[in-house]
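See structure below.
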Amino acid sequence: MPPSSIAAPLLAWYDAHQRVLPWRARHGTAKANPYYVLLSEFMLQQTTVATVLGYFPRFIERFPDVNALAASPLEDVLSLWAGLGYYARARNLHKAAVAVVEHHHGRIPNTEALLRQLPGVGAYTAAAIAAIAFDEAATVVDSNVERVMARLHNIDTPLPTAKKQLTQLAATHTPQRRPGCYAQALMDLGSRVCVSGVPRCGVCPIITSCAAQALGTAATLPRKKPKTLRPTRHGTAFVLFRAHDDAVWLRPRPASGMLGGMLEVPGTPWLEHDTADMAPAAYMPMAIPFTPLNKPVEHIFSHFRAVITVSTARTDEIPPDAGAWYALDTVPTLALPTVMKKILKRSIAL
DNA sequence: GATTCGTGGAA
DNA sequence: TTTCCAAGAAT
């Protein structure tokens, strides 16, 4: 059976079962808004559709087009991105918008090669935007496609080693007709039918082409190299409330690196050893005592677990620290990562 | 090729 | 509870 034989049944399945999503073109001939496609693809990097659905509408309301996004301060973008994670995506999204305005007359580049040059746009995202927004016959390879190809061709090589081979296989299936719908169909299939773990082969539209199904290996594929386990880092956060109005002291993090450009509660560095007994004086030298909370805040990041001891104080003294006072009722609108919101919430629940 | 980048939901 | 995972990119 020729490779191209999966395109027709996949497209038919997609026409019948595709999800309605705010960044997608409506069923039929209407084209997707390239800016919506670009924005959604940035958000969907390593993030579920369900999560993105809570952020995308607010973004297009605040930044209706790429010009609005480019013209806005990065801080506004980070504020709307807060809680979505992987904040380099937000910084790159803003850079990409500026590049589109400055170098492409405010129009999203319409080829995979040009898209690939934008900040934050890698091989997958360039192919996805080219295919979905401009119907270029680009081959998208995300983790869904990797899984579908590994099963379709019964590829036993563990990821990420198998990535190049899976990409080559995927390219052999990409059709010239409706490549945008095909790309989304393949990813929809991976996320709803050919799911990780035990796949739903009973409702798969391309089951007759699947080598792993025939061999009974589908549930074991794709294989992956084992991951290194997550270490624990310890730190202390100092939550300062202004005595007369309960405003809280926050400071900006460095523009790059982890949580780059976001706001934070001041505190110690996060180290591999316990810092619960470290004197606040070294990091927050003030003439008032801090009250440590009983239970630390725990938070799981992508590559380590943080255990943060929280210490609070009330004062009208100006802290000897970069930063500013923020009214508590503005916290939901600030560029605060989830761990910092957790720390504040714990401090207030006294 | 290996690491660094968040978060929330499901298994 | 712990682990895995999700429309990955940059270094």
Worksheet item: Should the ring pair A/Trp249 and A/Trp325 be called parallel, tilted or perpendicular, given that the plane angle runs from 0 to 90° and is split at 30 and 60?
Response: perpendicular
Discussion item. What is the distance, to the nearest angstrom, from the CD atom on A/Glu41 to the P atom on C/dA6?
Written reply: 15 Å
Discussion item. Over all strands shown, is A/Trp23 touching base, sugar-phosphate only, or nothing at heavy-atom distances under 4.0 angstrom?
Written reply: base
Worksheet, complete the sentence: Of the candidates C/dA7, C/dC5, C/dG8, the side chain of A/Val49 sits closest to C/dA7
Discussion item. Using a heavy-atom cut-off of 4.0 Å across all strands, would you classify A/Ser191 as base, sugar-phosphate, or nothing?
Written reply: sugar-phosphate
Fill in: Partner of A/Glu264 by salt bridge (Lys or Arg N to Asp or Glu O under 4.0 Å), out of A/Arg253, A/Lys342, A/Lys341
A/Arg253
Discussion item. Need one value for A/Arg24: base, sugar-phosphate or nothing, where a base atom within 4.0 Å counts as base even if backbone is also close, heavy atoms only.
Written reply: base
Practice prompt. For A/Gly260, answer base if it contacts any base atom (sugar-phosphate contacts may also be present), sugar-phosphate if it contacts only those atoms, and nothing otherwise; contact means non-hydrogen atoms under 4.0 Å.
Written response: nothing
Worksheet item: Can a side chain N or O of A/Arg147 be found less than 4.0 Å away from OP1 or OP2 on C/dA6?
Response: yes
Worksheet item: So, A/Tyr283 side chain and A/Pro266 main chain: donor-acceptor pair closer than 3.5 Å or not?
Response: no
Worksheet item: Using a cut-off of 4.0 Å on non-hydrogen atoms, how would the nucleic acid contact of A/Val121 be classed: base, sugar-phosphate, or nothing?
Response: sugar-phosphate
Item to complete: Find the distance A/Met187:CE to C/dC5:C1' and express it as a whole number of Å.
Response: 17 Å
Worksheet item: Contact class for A/Pro119 (heavy atom, under 4.0 Å): base, sugar-phosphate, or nothing?
Response: sugar-phosphate
Worksheet item: When the nearest nucleotide of DNA chain B is assigned to A/Thr161 and to A/Tyr87 on a heavy-atom basis, which residue is associated with the more 5' position?
Response: A/Thr161
Fill in: Identified side-chain hydrogen bond (donor to acceptor under 3.5 Å, both in side chains) partner of A/Gln184 from the options A/Arg24, A/Gln18, A/Arg19
A/Arg24
Worksheet entry | Pairwise P distance for B/dC5 and C/dA7, with rounding to whole Å | 23 Å
Item to complete: Could you check whether A/Leu21 gets within reach of a base, just the sugar-phosphate, or nothing at all, counting any heavy atom under 4.0 Å?
Response: base
Discussion item. Ignoring hydrogens and geometry beyond distance, is the side chain of A/Thr47 in donor-acceptor contact with the base of B/dG6 at under 3.5 Å?
Written reply: yes
Worksheet item: Between C/dT1 atom C1' and A/Ile300 atom CD1, what is the distance in whole Å?
Response: 11 Å
Worksheet item: Can any side-chain N or O of A/Arg305 pair as donor or acceptor with the backbone N or O of A/Phe301 at less than 3.5 Å?
Response: no
Discussion item. Using a heavy-atom cut-off of 4.0 Å across all strands, would you classify A/Thr125 as base, sugar-phosphate, or nothing?
Written reply: sugar-phosphate
Discussion item. Rounding to an integer number of Å, can you tell me how far A/Trp81 CH2 sits from B/dT7 P?
Written reply: 13 Å
Worksheet item: Closer to the 5' end of DNA chain C via nearest nucleotide, is it A/Arg19 or A/Gly120?
Response: A/Arg19
Fill in: A/Arg230 CZ - C/dC4 C1' separation (whole Å)
9 Å
Discussion item. Below the 4.0 Å mark, does B/dG9 have OP1 or OP2 next to a side-chain nitrogen or oxygen of A/Thr51?
Written reply: no
Response to the item:
Taken to the nearest whole Å, OH/A/Tyr55 to C1'/B/dG8 is 10 Å
Practice prompt. Would you confirm whether A/Arg346, through its side chain, and A/Lys295, through its main-chain N or O, come within 3.5 Å as a donor-acceptor pair?
Written response: yes
Worksheet item: Does OP1 or OP2 of B/dC5 have a side-chain N or O of A/His303 closer than 4.0 Å?
Response: yes
Worksheet item: In whole angstroms, how far is the C1' atom of C/dA7 from the CG atom of A/Leu39?
Response: 13 Å
Fill in: Side-chain donor or acceptor of A/Glu136 paired with backbone N/O of A/Glu112 under 3.5 Å
yes
Discussion item. With a cut-off of less than 4.0 Å, is there a side-chain N or O of A/Gln46 near OP1 or OP2 of C/dG8?
Written reply: yes
Worksheet item: Just checking A/Leu259: base, sugar-phosphate only, or nothing, at a heavy-atom cut-off of under 4.0 Å?
Response: sugar-phosphate
Discussion item. At 4.0 Å (heavy atoms only), tell me whether A/Ala123 reaches a base, stays on the sugar-phosphate, or touches nothing.
Written reply: sugar-phosphate
Worksheet item: Taking NE2 from A/His299 and P from B/dG6, how many angstroms apart are they, rounded to a whole number?
Response: 9 Å
Fill in: Selection from C/dA9, B/dC5, C/dA6 that lies nearest to any side-chain heavy atom of A/Met258
B/dC5
Discussion item. B/dT7, OP1 or OP2 - any side-chain N/O from A/Thr338 closer than 4.0 Å?
Written reply: yes
